Amino acid sequence: MTSENVSAFIKNVDPEFYILVVFKHSNKLNDKIILVEIKFFKNKNDLMEHVKSKNYVFLKNPSDENQEKIKKSLNLIRKYLLGRKINLYDEFRLLNVEFLLELKFSSPFSYKIIQTLLTKGYGELTSYSQLGEAIGSKAYRAIGTILKKNPLPLVIPCHRVVKKAGQTGGFMGKMNSGWEIELKRYLINLELAHI
DNA sequence: AAGCGCGGCGCGA
DNA sequence: TCGCGCCGCGCTT
């Protein structure tokens, strides 16, 4: 086996939710490590179901270089959730963690949207229409569908995109209400409180 | 061909 | 003023 999926999760207590973080890397030393997926869950059961369905393997012994990077990555996310003003995209790049964005956002339109979004800093809110204007498009709805399939929330800060009129807007496929929307609001407030 | 994590406009309280 | 519904929009599946 040259390559394997490694996952780990973080529990947040207030509000309570779980974050699954999935890396892919080989056993070889100095080989690249890829951040495959970050996903939120309301409870641990849902998380485990997802892990099972994707055949992810949990990390056992964090000893080699890659596993050290994984530990650092998880700690960065933990610190972020505690309110530290951290740009996870930049930090992960410093760790030489790869994202393979062009795979998930293969069309020029989606790639440009993501690149524009990545210029938004900690606590800097933007809107779907603002992102559209930045790339000369009025396809506001389409921007929503791009962000909806974001495999790396927090790292690709889709929670900073709200509706032009000020409403929270959708998150994780949900529109108006639900714990997903509450989570988006929580993340926004977390950042606004620590700018 | 249908469906959107949106915006804008026009309506009626 | 609002809130709500409808339509247009450009892109994705």
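Proteins get letters first, then strands, A, B, ... in listed order; numbering begins at 1 in each. Please read all numbers here as calculations on a predicted model, not as lab measurements. Only this structure's heavy atoms are used, side chains among them; waters, hydrogens and symmetry mates stay out.
At whole-Å resolution of the value, NZ in A:K104 and C1' in C:dT12 are 13 Å apart. Rounded to an integer number of Å, the gap from CG of A:L187 to C1' of B:dG5 is 15 Å. If you measure from atom CD1 of A:I113 to atom C1' of C:dG10, you get 11 Å, rounded to the nearest angstrom. Straight-line distance from the CZ atom of A:F171 to the C1' atom of B:dG5: 10 Å, rounded to whole Å. When the P atom of B:dG5 is taken as reference, atom NZ of A:K184 falls 11 Å away, rounded to whole Å. Summarising the geometry, the separation between CD on A:Q130 and C1' on B:dG5 is reported as 16 Å, rounded to the nearest angstrom. Between the OH atom of A:Y140 and the C1' atom of B:dG8 there is a distance of 9 Å, rounded to whole Å. We find that CD of A:E133 is positioned 8 Å from P of B:dG8, with the value rounded to whole Å.
Pairs of Watson-Crick or G-U wobble type, with distances under 3.5 Å, assemble into runs of 3 or more in DNA chain B at these ranges: B:1-4 with C:10-13, B:6-13 with C:1-8.
In this structure, A:T145 and A:R141 both approach DNA chain C, and ranking their closest nucleotides by distance from the 5' end singles out A:R141.
Salt bridge annotation for A:K42-A:E16: absent, with no cationic side-chain nitrogen under 4.0 angstrom from a carboxylate oxygen. Ionic pairing of A:K52 and A:E49 is not present here: no N-O contact between side-chain nitrogen and carboxylate oxygen is shorter than 4.0 angstrom.
Side-chain proximity of A:S137 to B:dC6, B:dG5, C:dG10: nearest is C:dG10.
Residue A:K163 has a polar side-chain atom (N or O) positioned under 4.0 Å from OP1 or OP2 of B:dC6. Considering only side-chain N and O atoms, A:K149 lies nowhere under 4.0 angstrom from the phosphate OP1 or OP2 of B:dG5.
Under the 3.5 Å distance criterion, with hydrogens and angles disregarded, no donor-acceptor pair is assigned to the side chains of A:R160 and A:T126.
As judged by a 4.0 angstrom heavy-atom cut-off over every strand, A:Y128 is placed among the base-contacting residues. Residue contacts for A:K148: at a heavy-atom cut-off of 4.0 Å it reaches a base atom on one of the strands shown. Among the protein residues, A:S107 comes within range of the sugar-phosphate backbone only, with heavy atoms under 4.0 Å from sugar or phosphate atoms but none that close to a base.
The aromatic ring centroids of A:F41 and A:F9 lie 6.0 Å or more from each other. Taking the six-membered ring for Trp, A:H159 and A:F171 have ring centres at least 6.0 Å apart.
Heavy-atom neighbours of A:K138 NZ from other residues, nucleotides or ligands within 6.0 Å: at or below the threshold of 12.
A:N66 contributes no side-chain N or O that, together with a main-chain N or O of A:K69, makes up a donor-acceptor pair within less than 3.5 Å.
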